[in-house]
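Have a look at the structure below before the remarks.
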Amino acid sequence: MPIKSLALAGLLFAATAPAFAADYVQQTGSSLTFATKYQGEVFAGNFPGFTARLSFDPAQLNTSKLDVVIPLAGANTKNSERDDTLKGVDFFSIAKFPQARFTATKFRSLGGNNYAADGSLNLRGATKPVTLTFTWAAGAKPVLTGKATVKRLDFGVGGGDWADTSIIPNEVAVSTKVIFAPAK
C-alpha cells in the first residue's frame with residue numbers, strides 16, 4: 001500500500017474511532033464527608049483514605065465513568081464513641097464489609113458546568129442506585145464538587161433499635177470535593 005493511501009486510511013480511522021473521555025486520578029486535598037442528625041442534633045464526619053478515578057469529558061458524556069472506593073474503618077466524626085458505633089455491626093459492620101464503592105457510567109448534563117452521575121453504591125453487601133450531582137471546574141487540576149443523598153436503611157445501616165428515623169433520619173447527606181490530575 002502506498003504511503004499516501006496508508007496515511008489516508010489512518011486519518012479515516014481516526015475520524016471514525018470513538019472519542020474517549022480523559023482519565024483522571026485523585027490528588028491530595030480531596031474530601032468525602034457526610035452529615036445527618038442524632039436526636040435532632042446535626043453531626044458530620046468524613047472518610048479519609050477514599051480513592052476516586054474518573055474518566056470524563058463534558059463533550060463525550062457517554063464515555064465517562066467514575067469509581068470511588070471508600071474504606072469504612074476510617075469514618076471520623078471527631079467523637080470516638082460514635083465512630084466505634086459506626087464501625088460496629090449495627091452500622092457499617094467493617095469486619096464483614098470493610099469498604100463501600102460507588103460506580104457510575106451514566107452521566108447527564110444539567111446545564112453549564114453542572115452534571116449528574118447516575119450510579120450505584122455498594123454498602124454492607126447491598127447495591128442501590130445513587131445519583132451524584134456535581135460541578136466540574138476544568139483546568140490543569142480539575143475539581144469535581146458534588147453531593148448526593150443516601151438512604152441508610154436501604155443498605156441496612158443503623159438497623160434494629162437504630163432504624164427509628166425519629167432518632168436518626170433515613171437520609172444522609174454526602175458531599176465531596178475531589179481534586180484531579182490527568183492519569184499517566
Side-chain angles (χ1 to χ4, degrees), residues 24 26 29-56 61 64-110 113-136 143-180:
Y24 297 99
Q26 176 183 325
S30 299
S31 62
L32 178 61
T33 61
F34 61 93
T36 192
K37 295 179 183 179
Y38 174 68
Q39 294 182 334
E41 184 179 325
V42 174
F43 74 92
N46 65 43
F47 293 105
F50 79 100
T51 56
R53 289 193 58 86
L54 176 70
S55 292
F56 184 73
L61 294 178
S64 296
K65 57 186 171 185
L66 175 62
D67 184 32
V68 183
V69 177
I70 308 152
L72 298 172
N76 181 3
T77 65
K78 298 184 179 169
N79 177 308
S80 61
E81 185 178 333
R82 181 171 41 228
D83 294 346
D84 289 344
T85 301
L86 285 175
K87 295 169 191 173
V89 295
D90 289 333
F91 285 88
F92 295 141
S93 191
I94 64 167
K96 188 172 182 182
F97 306 104
Q99 70 182 26
R101 186 174 208 154
F102 176 76
T103 56
T105 57
K106 182 180 177 194
F107 286 68
R108 299 176 279 130
S109 173
L110 301 177
N113 60 349
N114 299 303
Y115 300 89
D118 297 314
S120 58
L121 176 64
N122 180 283
L123 175 61
R124 281 187 57 109
T127 302
K128 303 287 181 181
V130 171
T131 296
L132 174 73
T133 57
F134 66 94
T135 301
W136 179 252
V143 177
L144 179 154
T145 305
K147 60 185 177 180
T149 299
V150 174
K151 293 186 176 183
R152 66 180 180 88
L153 295 174
D154 288 355
F155 299 93
V157 174
D161 292 341
W162 299 106
D164 183 347
T165 57
S166 69
I167 297 173
I168 303 173
N170 190 25
E171 293 79 17
V172 177
V174 178
S175 300
T176 191
K177 179 180 179 183
V178 188
I179 302 164
F180 286 105

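Hydrogens, waters and symmetry mates play no part in the numbers below; they use all other heavy atoms, side chains included. Not measured: the values here are computed from a predicted model.
- Under the 30°/60° scheme for interplanar angles, the aromatic rings of Phe34 and Phe47 are found to be tilted.
- The shortest side-chain heavy-atom distance between Tyr38 and Ile167 falls under the 4.5 Å cut-off.
- Judged purely by distance below 3.5 Å, without hydrogens or angles, the side chains of Asn122 and Thr127 pair a donor atom with an acceptor atom.
- Across Ala117 and Ala104, no two heavy atoms sit closer than the pair CB-CB, 3.9 Å.
- Among all heavy-atom pairs drawn from Gln26 and Ser30, the shortest one is CG-OG, 3.5 Å.
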Listed pairs under 3.5 Å, donor-acceptor, residues 143-152 side chains, sequence neighbours left out:
from: Arg152; atom 1: NE; to: Pro169; atom 2: O; distance (Å): 2.9
from: Arg152; atom 1: NH1; to: Val157; atom 2: O; distance (Å): 2.9
from: Arg152; atom 1: NH1; to: Gly158; atom 2: O; distance (Å): 3.1
from: Arg152; atom 1: NH1; to: Trp162; atom 2: O; distance (Å): 3.3
from: Arg152; atom 1: NH2; to: Trp162; atom 2: O; distance (Å): 2.9
from: Arg152; atom 1: NH2; to: Ile168; atom 2: O; distance (Å): 2.7

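- Here CG of Leu72 is found 6.0 Å from CG of Leu123. Values are rounded to the nearest 0.5 Å.
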Inset, instruction - Kindly indicate, with the supporting measurements, whether the criterion side-chain contact (heavy atoms from CB on, under 4.5 Å) is fulfilled by Ser109 and Leu61. - result: CA-CA 8 Å; Ser109 173; Leu61 294 178; 4.0 Å; yes
Inset, instruction - List the steps and the verdict of side-chain contact (heavy atoms from CB on, under 4.5 Å) for Phe43 and Arg82. - result: CA-CA 10 Å; Phe43 74 92; Arg82 181 171 41 228; 3.5 Å; yes
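- Between Val174 and Thr33 there is no side-chain heavy-atom pair separated by less than 4.5 Å.
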Inset, instruction - In sequence, state the C-alpha distance, the side-chain angles, and the governing distance for Val178 and Tyr24, and then conclude on side-chain contact (heavy atoms from CB on, under 4.5 Å). - result: CA-CA 10 Å; Val178 188; Tyr24 297 99; over 6 Å; no
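- By the 6.0 Å contact criterion, NZ on Lys177 is open, its count of non-hydrogen atoms from other residues, nucleotides or ligands being 12 or less.
- Other residues, nucleotides and ligands place no more than 12 heavy atoms under 6.0 Å from the CG atom of Asp161.
- The CZ atom of Phe107 lies 8.5 Å from the OG atom of Ser55; values are rounded to the nearest 0.5 Å.
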Inset, instruction - Could you walk me through whether Val42 and Thr36 pass the side-chain contact (heavy atoms from CB on, under 4.5 Å) test, one step at a time? - result: CA-CA 6 Å; Val42 174; Thr36 192; over 6 Å; no
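- Considering CD1 of Ile179 and OG of Ser31, their distance stands at 8.0 Å, rounded to 0.5 Å.
- Side-chain atoms of Lys87 come within 3.5 Å of backbone atoms of Ala73 as a donor-acceptor pair (strictly under, hydrogens ignored).
- Ring geometry for Phe56 against Phe134 counts as perpendicular: the plane angle is over 60°, on a 0 to 90° scale with 30° as the lower cut.
- Looking at Trp136 and Tyr115, their side chains come closer than 4.5 Å, going by heavy atoms from C-beta outward.
- Between the side chain of Thr103 and the backbone N or O of Asp67 there is no donor-acceptor pair closer than 3.5 Å.
- Side-chain N/O atoms of Thr135 and Asn114 include a donor and acceptor closer than 3.5 Å.
- Residue pairs meeting the salt bridge (Lys or Arg N to Asp or Glu O under 4.0 Å) criterion with at least one member in residues 72-81: none, sequence neighbours excluded.
- Between atom CG of residue Leu32 and atom CD1 of residue Ile70 there is a gap of 5.0 Å, rounded to the nearest 0.5 Å.
- A donor atom on one side chain and an acceptor atom on the other are not found under 3.5 Å apart for Thr165 and Asn170.
- The backbone N or O of Val69 sits nowhere less than 3.5 Å from a side-chain atom of Arg101 that would complete a donor-acceptor pair.
- The closest side-chain donor-acceptor pair between Thr77 and Asp83 falls under 3.5 angstrom.
- How far CG of Leu153 is from NZ of Lys128: 11.5 Å, rounded to the nearest 0.5 Å.
- Rounded to the nearest 0.5 angstrom, Ser64 OG and Leu54 CG are separated by 7.0 Å.
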